[in-house]
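Written below as structure tokens is the structure these notes are about.
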2 protein chains.
Amino acid sequence: MSDSPSKPRDATVQDVAREAGVSKATAARVLGGYSVTSPAVRDKVMTAARSLDYRPNEVARSMTTGRSRAIGVVVADVENPYFGLAVRGISDVARAEGFDVILANSGEDVERERDAIRMLLAKRVDGLIVTPASVHDTEHLRAVEASGRPIVLLDRYIPSMSVDTVVADDRAAGAAVARRLTEAGHRRIGYVSATACDDPVYRGAHQLHLSTVRDRIEGFLEAAAQAGGGGCERYVRLGVNRLGGGPKIVADLMALPDRPTALIASDNVVALELFKALRALGIAIPRDLSLIAFHDADWTSVTTPSITVVAQPCYELGSESAAALVRRARGDTTAGRRIILQTRLIERESVISPPR
Amino acid sequence: MSDSPSKPRDATVQDVAREAGVSKATAARVLGGYSVTSPAVRDKVMTAARSLDYRPNEVARSMTTGRSRAIGVVVADVENPYFGLAVRGISDVARAEGFDVILANSGEDVERERDAIRMLLAKRVDGLIVTPASVHDTEHLRAVEASGRPIVLLDRYIPSMSVDTVVADDRAAGAAVARRLTEAGHRRIGYVSATACDDPVYRGAHQLHLSTVRDRIEGFLEAAAQAGGGGCERYVRLGVNRLGGGPKIVADLMALPDRPTALIASDNVVALELFKALRALGIAIPRDLSLIAFHDADWTSVTTPSITVVAQPCYELGSESAAALVRRARGDTTAGRRIILQTRLIERESVISPPR
DNA sequence: TTGACAGATGAGACCGGTCTCATTATCCCT
DNA sequence: AGGGATAATGAGACCGGTCTCATCTGTCAA
């Protein structure tokens with residue numbers, strides 16, 4: 001129908017070639033910047049290209065080459081600044097290396113993760129960076145590995161996969177937090193995570209489908225036990241979802257006969273939930289209860305009291321994984337490596353000795 | 001070199017056709033789900049496809065069709081949860097409508113915005129959603145509009161462009177904030193924005209290259225003046241960057257002979273900066289100074305005092321823009337519309353009457 | 001002068017889908 | 001039984017690049 005106004009079909013190599021009076025092959029050589037051409041021809045072609053406002057069609061280009069100069073990133077939660085920072089790390093490195101970044105969001109859902117990977121592969125990205133939503137549900141990840149397309153795991157490792165993986169030292173971080181608290185005198189320490197789980201009561205590491213959470217809890221429990229804080233398993237709570245659940249879990253913990261004297265929040269969203277719930281119950285931090293949170297979210301320094309946190313190398317997590325992926329995309333076929341970055345405990349005001 | 005192990009080149013329509021014993025055209029019909037085929041053939045082809053683990057090559061597909069069933073999103077700052085939420089709104093709608101989302105980050109930088117748009121167009125996305133980094137530097141956006149590819153502006157409008165635009169009612173929001181403060185008795189009200197600017201002193205709306213900031217400030221100044229708070233222009237400060245600058249700007253404002261009795265923060269990052277800087281100076285909120293911030297970031301409810309904020313319809317900003325874009329991609333050619341969503345003031349504890 | 005050789009260009013196949021058009025098989029009706 | 005409409009399939013062009021291979025020209029050494 002009304003197609004007359006906006007039909008100035010994009011200029012193609014062929015069009016440019018005609019305008020410049022050379023063959024399609026020659027024009028392509030100039031425009032694609034490959035092979036050799038004479039300065040005179042180069043000039044003619046570039047002039048023609050400009051006058052026709054030629055823009056290369058990446059789709060056609062990547063169909064023939066099989067490569068797209070793009071890397072796909074599947075992130076667990078775009079809304080979380082934690083991953084936002086990692087994405088910036090990825091973008092910066094990718095850009096510097098000449099790769100575009102295509103970002104997709106899984107929302108911690110394996111189904112959507114699968115979809116996102118399918119789409120990215122269909123778009124023929126040169127490689128994938130994924131924060132796997134589950135250590136258990138991984139055939140789709142293995143399929144990528146098997147297909148020979150590079151894949152890098154970000155933030156969470158999968159024990160049975162040997163692809164490049166960039167993670168924080170979560171076990172050490174969990175242990176460091178436990179030590180900080182036991183040294184302050186705490187023996188009954190709780191751990192609260194957002195990770196969804198059928199059963200909010202901790203029954204063992206096998207329930208956990210994220211390596212980060214699993215490692216942190218194991219590191220914490222082990223270090224706590226060593227320091228005389230055995231049996232903290234009973235203070236581990238899972239599945240604090242964003243839409244509440246915090247108040248109930250906090251109330252439960254606080255109603256225990258031997259209630260914990262310190263709490264560890266697995267990420268900044270959980271920390272916020274705990275903070276609110278504790279305040280609502282009239283439990284003062286740190287007087288009645290000490291608190292340490294994972295992730296140095298900017299706001300944790302501004303609450304009253306400010307919150308002692310584990311700072312994680314988010315940006316580096318991203319930049320290292322991008323660097324690894326680029327190496328692979330360029331042909332590196334050495335064995336997969338696991339890059340483990342260190343965390344850092346930032347002391348603030350939310351930890352003191354337990355009340356007697 | 002070591003190419004022997006991972007060379008099982010992906011199966012193509014041709015391969016499936018051969019395996020199923022039909023022509024390439026027929027196999028394509030079945031696999032592409034178009035035209036008509038007999039149930040028997042359909043069966044044979046699907047079986048063959050499964051056995052060969054066929055996956056369609058979207059690149060080839062979109063080369064012939066010219067469409068990619070993907071929409072490109074250029075967001076100003078992935079790290080900002082404000083946009084994170086909007087992205088979720090976009091994703092949800094896009095997904096429901098059968099579109100993939102390709103996300104790119106401009107970091108509020110026009111140059112990167114241009115790059116991102118070039119890349120997305122080269123990938124032949126079916127449409128673009130952009131949060132323009134500047135109202136002034138817009139030829140690349142106009143070029144998209146002129147090319148006939150749908151483009152929707154998100155969060156910020158460009159007065160001279162008539163494409164679909166989804167924004168919050170920033171002018172009304174600015175006015176509402178001003179009224180809230182003047183009704184509490186404030187007459188000297190400051191406004192602090194992160195928007196970069198050559199000159200941190202406000203000289204007029206023309207310096208501002210973001211419609212959001214401009215509208216908010218204009219709405220604020222107008223409403224303040226009406227209520228007897230004229231001359232607040234001198235309390236407007238721009239360019240609080242993330243890496244400090246907050247302390248200096250706050251110190252400057254507080255050193256003025258007639259220092260402001262209330263401050264408005266243009267977004268939650270600025271609010272955080274102000275909060276820290278004020279605390280460092282020993283200025284108590286709300287006793288010495290009232291504070292209202294834009295964006296209901298989750299942490300604003302947990303500070304002491306909690307912060308009165310303007311809640312913005314982030315998710316809806318995203319979902320509406322995606323809906324608009326999908327409409328366009330499906331062929332709607334009616335005139336561009338501007339969709340204006342309302343904000344809401346959430347009362348908390350950071351506003352009281354000014355000290356005498 | 002001639003032949004080897006490098007540099008520059010052209011012709012055309014190819015990537016993996018979609019889609020048009022022609023052909024064949026099937027069915028229904030008079 | 002014959003003819004026209006319809007359904008199902010095949011053959012092959014096409015999208016816009018890349019890339020191989022052949023051709024042509026000019027230079028230089030023998």
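For clarity, every value in this text was computed on a predicted model and none was experimentally measured. Residue numbers start from 1 in every chain, and the chains themselves are labelled A, B, ... in the order their sequence lines are given, proteins ahead of strands.
Between the side chain of B:K24 and the base of C:dG16, no donor-acceptor pair of N or O atoms lies under 3.5 Å.
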In residues 30-38 of chain A, what donor-acceptor pairs under 3.5 Å come from side-chain atoms, sequence neighbours left out?
residue	atom	partner	partner atom	Å
A:T37	OG1	A:R42	NE	3.1
A:S38	OG	A:V41	N	3.4

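Dashed line: the shortest gap from a side-chain N or O of B:T65 to OP1 or OP2 of C:dT18 is not under 4.0 Å. In this structure, B:S23 reaches the D:dG10 phosphate: one of its side-chain N or O atoms is under 4.0 Å from OP1 or OP2.
Out of D:dC19, D:dC15, D:dG17, the shortest distance to the side chain of B:T64 is found at D:dC15. Here the side chain of B:V22 is nearest to one of D:dC15, D:dG10, C:dA11, namely D:dG10. The side chain of A:T12 has D:dG16 as its nearest neighbour among D:dA11, D:dG16, C:dG10. Among D:dT9, D:dG17, C:dA11, the nucleotide with an atom closest to any side-chain atom of A:V13 is D:dG17.
Rounding to whole angstrom units, NZ of residue A:K123 and P of C:dG17 are separated by 14 Å. Taking atom CG of residue A:N57 and atom P of nucleotide D:dC15, one finds them 12 Å apart after rounding to whole Å. Here D:dG16 presents its P atom at 10 Å from OH of A:Y54, a figure rounded to the nearest Å. If you measure from atom CG of A:D10 to atom C1' of D:dG16, you get 11 Å, rounded to the nearest angstrom. At whole-Å resolution of the value, CD in A:Q14 and C1' in C:dG12 are 12 Å apart. Rounded to whole angstrom, the span from the CZ atom of A:R18 across to the C1' atom of D:dG16 amounts to 13 Å. The distance between atom CE of A:M63 and atom P of D:dG17, rounded to the nearest whole Å, is 11 Å. Here the P atom of nucleotide C:dG17 and the CZ atom of B:R67 are 19 Å apart, to the nearest Å.
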For this session: Evaluate the side chain to side chain donor-acceptor pair (under 3.5 Å) criterion for residues A:R327 and A:T334: first the C-alpha distance (whole Å), next the side-chain angles of each, then the deciding distance (0.1 Å), finally the verdict.
Result: CA-CA 10 Å; A:R327 253 195 317 275; A:T334 56; over 6 Å; no
For this session: Evaluate the criterion side chain to side chain donor-acceptor pair (under 3.5 Å) for residue pair B:S91 and B:R95; output intermediate values, then yes/no.
Result: CA-CA 6 Å; B:S91 299; B:R95 206 177 143 78; over 6 Å; no
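Nearest heavy atoms, A:A329 versus A:D126: CB-O, 4.3 Å. Across all their heavy atoms, A:F83 and A:D77 have their closest contact at CD1-O, 3.6 Å.
The stretch residues 29-52 of chain B touches DNA chain C through B:R29, B:Y34, each having a heavy atom within less than 4.0 Å of the strand.
Looking only at side-chain heavy atoms (C-beta outward), B:D53 and B:R55 come within less than 4.5 Å of each other. Residues B:L121 and B:L128 are in side-chain contact: their nearest non-hydrogen atoms beyond the backbone lie under 4.5 Å apart.
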